[in-house]
Amino acid sequence: MKKVVKFGGSSLADAEHFAKVGEIIKSDPDRVYVIPSAPGKRSSGDTKVTDMLYELNELAESGKDITVALARIKSRYDDIIKGLSVDLDLTEEFDRIGNDVKNGAGRDYAASRGEYLNGRVMAAYLGIEFIDAATVIRFDENGEFDAEATDRLMSKKLEDTPRAVIPGFYGSLQDGSIKTFSRGGSDITGAIVARGAHADVYENWTDVSGFLVADPRIIERPKKIETITYLELRELAYMGASVLHEDSIFPVRKEGIPINIRNTNDPDDEGTWIVESTAKKSRYTITGIAGKKGFCSVSIAKDMMNSEVGFVRKVLQAFEDQNISIEHVPSGIDTMTVFVHEDEFISKEQAVVSGIYRLAKPDVLEIESGLALIAVVGRGMKSTRGTAGRIFSALAHARINVRMIDQGSSELNVIIGVDDNDFEKAITAIYDIFVETQL
Ligand code: ASP
């Protein structure tokens, strides 16, 4: 068995957390490749090292002295090194980083040093080899991640290195300059290493015990999802539920490697398994619920619309012309409604309206704002009778007016539109009926 383990910043914020991580790694000899993030917040008012590094770079770019800011970052690492009694001195590294940043090495370089240094500390602490991510993760000349070049470099290096620490979040362009992924990108590094290592599992360790059935800011102590498929995850993540960087799915999914989300503070909890496909049924008919506020609807009616070939295309063209992406398009015989994101739509609203009148000549056009969309997702829905009935009777009992219904053609999800004001109440009603009462 070969496992790739990635630890998030909150799991590596100080020596105490670092030691817990060390225990987790040592307790299982299959955990052979370790991907650390930069040290995160030690308490709610604290600052992540990555943010400190961005500030450091801004100071340098505006010609200010960086001595104090750099020393503050160094002390975060020195505290960890001292707390773990590791024999490591980062003075030279910090001198080099200070010079590079002053000489304009750039924002990505500065930010990447958080992971780079944490990788150095982790490798010294575990007594295993360190692989600089810049040597194995490649971006192309347009700054896009180069999956094929990376996989070649990575697989080759890992073949020769049976155990190693590889820092998350960054790689390099062909000319050697450093480039980072977007924020939270150490998740992607973990997935890339798992692919290159042909790992059996990618363990992603964080500070929660996996993916939850609903948002804990709405539902108090929601149940955990034990197993979720990539497709279900995509539906929920799109609606705002997230524990993982979205781009971390592709490399492992391609190789059929499952992801296991685990909690550093509760290592015995099995966490959540994210898999391509499974025979395991969800504990509840639904796998998860997620939603977002802030949508608008544009409803159009036109007599005999149904028989006018190309009508839908003309309406959608008006949105495309303004570069607005469309969420859902439920339709009737002589009506159709287009759901869009409010913040994308509002500034271009009148251009869209005139476009629709010009292209499609509707009889009536009506815009509404303040709508929320809720996705009820579950692979179990396809084979369970009455799921839709349960959703809508729960909403009716909670006195919620349903403004839109859309069932994805895969029968993996039902999307429900409600007023923004009913959003939390609707999620609670759906959660209760499927999870609490399990009617
Ligand atoms: N340290 C980086 C960030 O704060 C990357 C990561 O943690 O995944 O976004």
Side-chain angles (χ1 to χ4, degrees), residues 4-14 17-18 20-21 24 33-58 69-70 72-74 76-77 79-80 90 93 97 101 105-123 130-134 136-137 139 143 145 150 165-172 178-195 202-208 210-211 237 242-252 259-265 274:
V4 169
V5 287
K6 179 259 165 180
F7 292 90
S10 55
S11 303
L12 299 167
D14 54 25
H17 280 91
F18 235 93
K20 272 194 212 173
V21 165
I24 290 167
Y33 297 115
V34 181
I35 319 301
S37 283
K41 293 182 183 189
R42 292 161 294 188
S43 58
S44 58
D46 201 13
T47 309
K48 288 178 168 193
V49 164
T50 308
D51 291 314
M52 297 169 88
L53 287 159
Y54 280 127
E55 279 167 31
L56 181 85
N57 186 60
E58 267 170 40
L70 192 65
R72 231 181 260 143
I73 298 169
K74 182 164 185 292
R76 290 285 312 257
Y77 288 95
D79 284 351
I80 295 172
L90 292 178
E93 293 280 8
I97 293 168
V101 169
R107 190 177 146 80
D108 280 18
Y109 168 83
S112 74
R113 296 304 88 184
E115 270 70 11
Y116 169 83
L117 292 165
N118 231 17
R120 286 264 177 229
V121 176
M122 178 69 86
F130 172 83
I131 299 174
D132 187 346
V136 281
I137 294 191
F139 291 83
F145 170 60
T150 299
V165 172
I166 304 147
F169 193 36
Y170 72 94
S172 67
I178 299 290
K179 166 102 186 111
T180 63
F181 293 108
S182 56
R183 295 301 302 263
S186 298
D187 283 344
I188 310 173
T189 310
I192 293 167
V193 175
R195 177 184 178 197
Y202 169 27
E203 288 183 352
N204 189 296
W205 291 79
T206 169
D207 56 359
V208 290
F211 214 87
S242 76
V243 281
L244 263 189
H245 193 298
E246 224 193 329
D247 296 344
S248 60
I249 308 268
F250 187 66
V252 278
I259 305 176
N260 185 199
I261 309 281
R262 301 287 290 260
N263 187 351
T264 314
N265 301 312
I274 307 170

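Start at 1 and go down the list; that is how both ligands and their atoms are numbered.
Those atoms of ligand 1 with a heavy atom of Glu115 less than 4.0 angstrom away are 1 (N), 2 (C), 5 (C), 6 (C), 7 (O).
For Phe250, the side chain to side chain contact (heavy atoms under 4.5 Å, CB included) partners at least two apart in sequence or on another chain are Lys254.
Side-chain N or O atoms of Tyr170 include none that pairs as donor or acceptor with a backbone N or O of Ile137 at under 3.5 Å.
The shell of residues lying under 4.0 angstrom from ligand 1, judged by heavy atoms, excludes Gly9. Under a 4.0 Å heavy-atom criterion, Gly114 is not in contact with ligand 1.
A salt bridge links Glu93 with Arg120: the distance from a Lys NZ or Arg NE/NH1/NH2 to an Asp or Glu carboxylate oxygen falls below 4.0 Å. Using a cut-off of 4.0 Å between Lys/Arg side-chain N and Asp/Glu carboxylate O, Asp46 and Arg76 are scored as salt-bridged. Checked for salt-bridge contact, Arg113 and Asp108 miss the test: no charged N lies under 4.0 Å from a carboxylate O.
At under 3.5 Å, not a single nitrogen or oxygen of Phe169, backbone or side chain, sits near a nitrogen or oxygen of ligand 1. Between Thr50 and ligand 1, at least one N/O pair is under 3.5 Å apart.
Closest to atom 7 (O) of ligand 1, if we only count protein heavy atoms, is Ser37 OG, 3.2 Å. Scanning all protein heavy atoms for the shortest distance to atom 4 (O) of ligand 1 gives Arg183 NH2, 2.9 Å. Atom 6 (C) of ligand 1 has as its closest protein heavy atom Ser186 OG, 3.4 Å.
Under 3.5 Å, the side chains of His245 and Ser182 contain a donor-acceptor pair of N or O atoms.
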The test is side chain to side chain donor-acceptor pair (under 3.5 Å); show your working for Ser248 and Asp187 and say whether it passes.
CA-CA 6 Å; Ser248 60; Asp187 283 344; 4.9 Å; no

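Of the heavy atoms in His245, none comes closer than 4.0 Å to ligand 1.
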